[in-house]
2 protein chains.
Amino acid sequence: MPSRTPASRTGRPRNAAADAAILAATRQALVELGWSKLTLGDVAVRAGVAKTTLYRRWAGKNELVVDAVAELFDELKLPDRGSLAADIEGVVLQFAAILARPEARSGLMAVVAEATRDEALRERIRASIVERQKRLVLAGRARAQERGELPAERDAGEAARAVDLIFDMVAGAVVHRTLVSAEPADEEWVHGFTRVLLSGLAAPG
Amino acid sequence: MPSRTPASRTGRPRNAAADAAILAATRQALVELGWSKLTLGDVAVRAGVAKTTLYRRWAGKNELVVDAVAELFDELKLPDRGSLAADIEGVVLQFAAILARPEARSGLMAVVAEATRDEALRERIRASIVERQKRLVLAGRARAQERGELPAERDAGEAARAVDLIFDMVAGAVVHRTLVSAEPADEEWVHGFTRVLLSGLAAPG
DNA sequence: CGCTTTCGCTACGGGTCGTAGCGTAATACC
DNA sequence: GGTATTACGCTACGACCCGTAGCGAAAGCG
């Protein structure tokens, strides 16, 4: 989602293919150079467009990388493995696999860091990555409650808080394991994590 | 810990006060400018030293900020509130309070992002921040096992894995809540988090 | 007093930033 | 088809920061 084209019905239309090329080039540059050495001039050359074209569509490096990374997380699917524990393990393993890719590792944390001083960027991240994937928690929770594996919440507010908590715990733990502890979130680890999380959630509130 | 002084017994000694001044100036610059706009020249001016002095002690921006941020976490203490749940809540609230400070927010995530492509930096972070604070988990766990609130592990390997898992879950969740979800890790949230975590840990393995 | 190391200062080439300006290309409207 | 409008590629530019080199002076040790 590059910057807005405010209902421009006239004039030369934008080259839609350029967007995809730029985002792909950005991810490639993240792999080869990492966040700090990634320059917009370099991305423009890789994508085969002029640097000025890049600046016409994105405000800067931050916004560009957010969009480039956000696409990576759209491939997440909630598997149906028959039990809540197995479903969670499946999603967490997918999430870990994405975070193991260098273009996600170096890009995601950097934009989160930048977002600490940029309210608009923080909102962009929330909208295009976080909220977008919260669907997985919602779907998994609903399915588990149908199965009777999780108690139903008393009211909507409590349910929302529970979803937020779960999301922070899952995403936070996997990110910390992968990027800070620098250990792989492999099947063994995910299994142990899921056991603790699920026991805690199933316990009476 | 600036770069090594390999047993230099002769010559003019380093101004020890300059180290503290530089690290304090770095934190101040993080507050006012954030990571991306922080320059070493600016830090040198704030600290009242020459830019070259800074480069003689630290290899670059990354290493400097790691040291500046690491000091923030040394004030963490394990409180003795009588129960494991209360102790954990106390530590997590302290941790959240540190992460609420702008010099920690903007600095910590940035160096973690940089560390994804810099093995030496990753090790520096692990040694000066992560491993350093793992003492809190170890102490809390030992105290809880004395109280009979947590089962003892079967062997040392399992104990180490459990400590690592707890650390990733606690640090990860608080960081994600604070920096990504951008919501305060206040008493209510910490209470809910602790309840889930503790129920999960106490459950039979 | 010599030796050694640190310190402050200046200066420098190299790189990136973000923008301005221009001519050209591609579409919509009349 | 002509015209207005927008997108595009290209070049050039001042501004900024990087990291280092080189110098003279300062502060310790024997």
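Residue numbers start from 1 in every chain, and the chains themselves are labelled A, B, ... in the order their sequence lines are given, proteins ahead of strands.
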*Asks:* Rounding to a whole Å, what distance do you find between A:R14:CZ and C:dA28:P?
*Replies:* 16 Å
*Asks:* Can you list every side chain to side chain donor-acceptor pair (under 3.5 Å) pair that touches residues 104-116 of chain B, not counting sequence neighbours?
*Replies:* A:S36-B:E114
*Asks:* What's the closest nucleotide to the B:R56 side chain, out of C:dG18, C:dC9, D:dC18?
*Replies:* C:dC9
*Asks:* Can you check the A:Y55 OH to D:dT6 P distance for me, whole Å?
*Replies:* 24 Å
*Asks:* Classify every nucleotide of nucleotides 24-30 of chain D by which part a protein heavy atom approaches to under 4.0 Å, writing B for the base, S for the sugar-phosphate alone and - for neither, in 5'-to-3' order.
*Replies:* --BBBS-
*Asks:* Do the side chains of A:K134 and A:E131 get close enough for a salt bridge, i.e. N-O under 4.0 angstrom?
*Replies:* yes
*Asks:* Between B:R57 (CZ) and D:dG19 (P), how many Å, whole number?
*Replies:* 18 Å
*Asks:* Among C:dG18, D:dC8, C:dC7, which nucleotide sits nearest the side chain of B:T53?
*Replies:* C:dC7
*Asks:* Under the 3.5 angstrom rule, does the side chain of B:R27 hit a backbone N or O of B:A68 as a donor-acceptor pair?
*Replies:* yes
*Asks:* Please report the distance, rounded to the nearest Å, between CH2 in B:W58 and P in D:dG19.
*Replies:* 15 Å
*Asks:* Looking at A:R126 and A:E123, does any basic side-chain N land under 4.0 Å from a carboxylate oxygen?
*Replies:* yes
*Asks:* Hey, is A:E32 close enough to A:K37 for a salt bridge, meaning N to O under 4.0 Å?
*Replies:* no
*Asks:* Tell me the interatomic distance from B:N62, atom CG, to D:dC18, atom P, rounded to whole angstroms.
*Replies:* 12 Å
*Asks:* State plainly whether the residues B:R143 and B:E146 are in salt-bridge range, i.e. N to O under 4.0 Å.
*Replies:* no
*Asks:* Let me see the working for A:R147 and A:Q145 under side chain to side chain donor-acceptor pair (under 3.5 Å), right down to the final yes or no.
*Replies:* CA-CA 5 Å; A:R147 287 179 180 140; A:Q145 288 176 343; over 6 Å; no
*Asks:* In whole angstrom, give the distance that lies between atom CG of B:L54 and atom C1' of D:dC18.
*Replies:* 13 Å
*Asks:* When you measure from every atom of DNA chain D, which of residues 28-52 of chain B have a heavy atom less than 4.0 Å away?
*Replies:* B:T39, B:L40, B:G41, B:K51, B:T52
*Asks:* Do the charged groups of A:D118 and A:R124 touch, with an N to O distance under 4.0 Å?
*Replies:* no
*Asks:* Going by an N to O cut-off under 4.0 Å, is there a salt bridge joining B:R101 and B:E75?
*Replies:* yes
